Every structure is written in structure tokens, then in C-alpha cells.
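So the structure is just underneath, and the comments pick up after that.
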Number of protein chains: 2
Amino acid sequence: MVIVTKTYTPRDFPPFAVTVDTVVLTMFQGRLHVLLVRRGIEPFKGMWAIPGGFKRPEESLLEAAHRELLEETGVDAENHLRQSGAYGDPDRDPRMNVVTLAYLAELRDVRGFAGGTDAAIAALVPISQMLGEGCEPLAFDHKQILGDAIERVRVDLALTGIATAFVGPTFTLAELRSVYEETWGFRIDGANFRRSILADGGWVIPTGRRAPSGPTGGKPAELFRAGRKWRHGAPIRPTRPSSMKKESR
Amino acid sequence: MVIVTKTYTPRDFPPFAVTVDTVVLTMFQGRLHVLLVRRGIEPFKGMWAIPGGFKRPEESLLEAAHRELLEETGVDAENHLRQSGAYGDPDRDPRMNVVTLAYLAELRDVRGFAGGTDAAIAALVPISQMLGEGCEPLAFDHKQILGDAIERVRVDLALTGIATAFVGPTFTLAELRSVYEETWGFRIDGANFRRSILADGGWVIPTGRRAPSGPTGGKPAELFRAGRKWRHGAPIRPTRPSSMKKESR
DNA sequence: GGAATAGTGTCTTTTAGACATTATCAA
DNA sequence: TTGATAATGTCTAAAAGACACTATTCC
């Protein structure tokens, strides 16, 4: 039975360290990347890790995630942070009992980042390098956390307008489509994609302007911006085309 | 900078209490209910609360959720617990800084529960009573936690086979349909529901047997069991029928 | 002009939604 | 028999998927 007083003493409850770790995902050179830091201290010194750190008593979990990411990497993900999971196995940190809350942020620009307090280096690393065949290890249970976050993004792409977070304030439908293609791992027909997206009125809105053609020419693409609508009426489905050309990469 | 030693002392990190709270949802008398406990101690003494308690250092979050639910309510939700959110605002508990991890369990049978350690009473309460118009208050931020959990269930019904968790080991399609209807709040055409469900092969499997007719007669319904398939190919969509008869309750 | 990319049109197949019809029970 | 519920069949409309064709750029 817990003694009911205004203040608790440490003997009344088992204390834990609470950390927040943020998986920052971004499109870089046409590939899905994650922002990682090289650990500068033991344990797992020198290994890649998801940026994060201890929550402070006076801040909320969200505030902690925002602050830690900014401190460690210089990246400001305010208004882009979403919860993605909690991890609290007793042995997940060899030093002590740590419960961590994973956050997720999809960002367009992850520039100007630099190693902060206790992270030696921050860098964008391709997802395929961390989760594919024969991939590199990650500190702690961060491979699990990263995997769960990716799976979350895949689902959310179909159900919400989160795809627009990966692109700029204005974007072409080809850019938006490549977000889906890269994350789901297969190609989508451009014509049908356009129809699906525009049929879901209020999600992407034409600006009337056009993007300049690329170095290889082609018709200049229309520029769109994200609308206020968030939940899709009909989901953009991750349906692998029936007789579609196989992914060629 | 954190001092790197094998063991940490309490001065190295801010300690928190970590609790796990479990939202148990079940169908009872045709309505969606949540399992709540009357708080026997301050703060919020006498108010409804989501069952839960302190995590122990030697157990995982999942194990803690399982144990606390069993202790407080007598309900064993092993293999049915899923994370649904984390809550850590500094003032969410008036006594101290508590980070809580919310779990979610959809169960068929929530019987044999009784008040345990520090919960005076455990009871099934209709969701409408806790979240509807002019509803009752809940302890702490448990109204938020409950609302988030319900929203999570609504989405998961469309994407996964979680609906079968609400019904017995064998069930009729009418029973399964009522889970969707009750959770989404509108009626679904029985014929079309049957087609959608059976088209998604491997999710529900016919047993060859039939359920006895109800007291009002009618053709005995086929009995199905849950298959191994979990993710739906095409989602069972929460599409409100266009010209459908309005919900009559 | 030719290659490349964006956008339109259209055809086919699939699925959702509505609802009529048939089947099988209890009273 | 009647009333109720389950299951099947069928029609229509909408959406997905495939792909031909046009438009506009760079080289």
C-alpha cells in the first residue's frame, strides 16, 4: 500500500531513468535516410545510435524529445514529432534500468546539423544500410526502434497526409510519388497516382506555378502545396500492381 | 557530460516513476465497455481510473502491464496487450513526476475480475458513459488515454484482424459485424460485410458448424474461427454508407 | 528532331454499396 | 403460417490498374 502524502520519497516507488529518442527520417538523394549519431561515450562507444537523451522533470515528453534532438544534432523538429513506441526491457541498457520513449519526425530539410553535447558525429544514413541484408549494428535496441518507426511510416503514408512532410512547402507530384515509392519499395504509375491524389480534394492544392525542368528536360511539372486536410478519405493504398514491372534497383 | 562508469548513481540522471496503465475493452451486452477501477486512495480517491501501477526494475513494460492488470482486476490479458501511447506531462500526477505507458487489450471474456490490491472496485463501464456528452470524469489524464486508445482501435479494426479478439474462439459473422458497428457507430450491410470478409481469404475460416438460432428464430449462422492472417489485404473500410439508414439507437 | 518527363484520356477489371431473393430456424 | 435472421444473387456506380496518347521541355 502506498502512503498518501503530498510528496513521495524515493523508497515509495522504483525510480527509473526516462529517455526520449527521436527517429528523424528524410529523403536524401532520392533515398530514405535516418539521422543518426556516433556515440562518443560508453556503452556502445563509436556505434551509430538514434539521437536522444534524458527527460527532465520539468518538461513534457514531447518537449524533451524536441530539446534533445536539437542539442545532439542541431535539428529543430518542432511540430513534427510523433510518438512511435516505448521500450523498457530491464537489460536494454547495460548500465541501468532505462525506459525510453521513441519519437518519429519526417522532415524535408535536415541541414545544418552538427554533433552536440555527447554525440560525436551526426549524419544521415540510408535506411537500407541500417536495416537491409548484412546491415550495420546499432546501439542498444535502436535497431528495433528504427524498424518499428519505419513500419509506422509505411502505414501512415496510406492513411494520412504525412508524405507532404518529406517534401518542401511546394512540390511536384513526382516528388510526392517518390516518397511513396521509396518507402514502400515499389513503383507506382504516375498517371494513376495523380488521379488518386487529386480525387482526394483538399489534401494537395495546386499553386498555379510550375517547377523548372530538370537537366534531362521534360515538361515542367505543376507545383502543389499541402492542404489542411490530414486524414485521407480513401487511403492511398500500398497495393503492389498486379502485372507491374519489377523494382529495378 | 555523463560520467561513464559501470553503474550510475542517482545524481547522474533525473529519476522518474514509471507506471503502466491498461485499457481493457470488451463487448458487453452489445455495447463497447472499458474495464475501470474505483480509486481507493488519494489522489482522485473514489473516481474511476484505468487499472495500472508501477513498473518494477526487473520486469519489462509488457510484463508490468500484465502483472498490474491481473493484480488490480483479476483479468489475465496475456498475449493481448499492445502499446497505445506514452504520457509524461510533469503535472499529470499531482504528487510527483510520473511517466505512464498505456497498453490496450481487446478481450472477449472479462469475467471473474474483482478488486485487488489498491483498487476498491473493478467494473465494466460503457464507453459512451465515459466519453460521450456530459460524461463522468476520470482520474489523472485517463480520459485522454482512453480516448486515444479508442481511436487506435477504430483504425486497427480497418487494418488488422483485431476484431476477432472481441469475439469467442468461434463466432458468427453477425457477431463480428456488431464489433465494427458498435465501435464505428454506424450500421453495415450484412450481405456486403460477408463478401468483404470472406474475400480477404485466410482471415476468418469456416468451421463447417452452425450456431443455434437465437430466441427470435432465424436461420442458424455459420460458425467461423480466426485464421492466421493478421494484416488485411484491402482494409475493411470505415466508410459510412452513402444513403444508408441512420443509426437508430 | 529525339529523348525525357508531365499530364490527359480511356478502357478493363475489381470492389463497394444497395437491395431483391432464397434458406432455415422458432413460435 | 408468420416473423426473424442468415446467406446468396445481382445490379449499379465508383475506383483501381494498365496503358496509349498528347504536351512541353532540354539536348
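Chain letters run A, B, ... following the sequence lines, proteins first and then strands; every chain starts at 1. Note that this is a predicted model, so its numbers are computed, not measured.
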query: With side chains defined as the heavy atoms from C-beta onward, is the minimum distance between A:F186 and A:E181 less than 4.5 Å?
result: no
Atom-pair distance (CD1 on A:I197; C1' on C:dT8), nearest Å: 17 Å
task: Return the set of residues passing salt bridge (charged side-chain N to carboxylate O under 4.0 Å, His left out) with B:R152 (not counting sequence neighbours), or none when no residue passes.
output: B:D156
- request: Could you tell me whether B:R210 contacts a base, only the sugar-phosphate backbone, or nothing, with contacts defined as non-hydrogen atoms closer than 4.0 Å?
  value: sugar-phosphate
message: Could you tell me how far apart A:R194 (CZ) and C:dG9 (C1') are, to the nearest whole angstrom?
response: 13 Å
query: Does B:L101 reach the side chain of A:L101, with side-chain heavy atoms less than 4.5 Å apart?
result: yes
message: D:dA4, OP1 or OP2 - any side-chain N/O from B:S213 closer than 4.0 Å?
response: no
field: Student check: side-chain heavy atoms of A:T164 and A:F224 closer than 4.5 Å
entry: no
message: Is there a side-chain contact between A:L157 and A:V155 in this structure, where contact means two heavy atoms from C-beta onward sitting under 4.5 Å apart?
response: no
- request: Whole angstrom is fine here: how far is it from CG in B:D189 over to C1' in C:dA20?
  value: 11 Å
- prompt: What residues in residues 215-225 of chain A put a non-hydrogen atom under 4.0 Å from any atom of DNA chain D?
  reply: A:P215, A:G217, A:G218, A:K219, A:P220
task: Could you work out which one of D:dA7, C:dA18, D:dA18 sits closest to the side chain of B:N192?
output: C:dA18
- prompt: Rounded to whole angstroms, how far apart are CZ on A:F193 and C1' on C:dA6?
  reply: 14 Å
- request: Kindly state which residues belonging to residues 166-178 of chain A come within less than 4.0 angstrom of DNA chain C, counting heavy atoms of the residue only, listed by number.
  value: A:A174
Any pair counted as side chain to side chain donor-acceptor pair (under 3.5 Å), so long as it reaches residues 203-223 of chain B, sequence neighbours left out: B:R194-B:E222
- request: Take atom CZ of B:F186 and atom P of C:dA18, then tell me their distance rounded to the nearest Å.
  value: 11 Å
- request: Rounded off to whole Å, could you give me the CG-to-P distance for the B:L198 and D:dG9 pair?
  value: 13 Å
For residues 127-140 of chain B, run the donor-acceptor check on the side chains, cut-off 3.5 Å, and write out each pair with its distance to 0.1 Å, sequence neighbours left out.
{"residue": "B:Q129", "atom": "NE2", "partner": "B:E136", "partner atom": "OE2", "Å": "2.5"}
{"residue": "B:E136", "atom": "OE1", "partner": "B:W48", "partner atom": "NE1", "Å": "3.3"}

message: Using OP1 and OP2 only, check whether a side-chain N or O of B:R195 sits under 4.0 Å from D:dT8.
response: no
task: Rounded off to whole Å, could you give me the CD1-to-C1' distance for the B:I188 and C:dC19 pair?
output: 17 Å
ring-ring contact (aromatic ring centres under 6.0 Å, His included) between B:F193 and B:Y180, intermediate numbers included: CA-CA 10 Å; B:F193 181 78; B:Y180 286 89; 5.6 Å; yes
message: Among residues at least two apart in sequence or on other chains, which ones pass ring-ring contact (aromatic ring centres under 6.0 Å, His included) with B:H80?
response: none
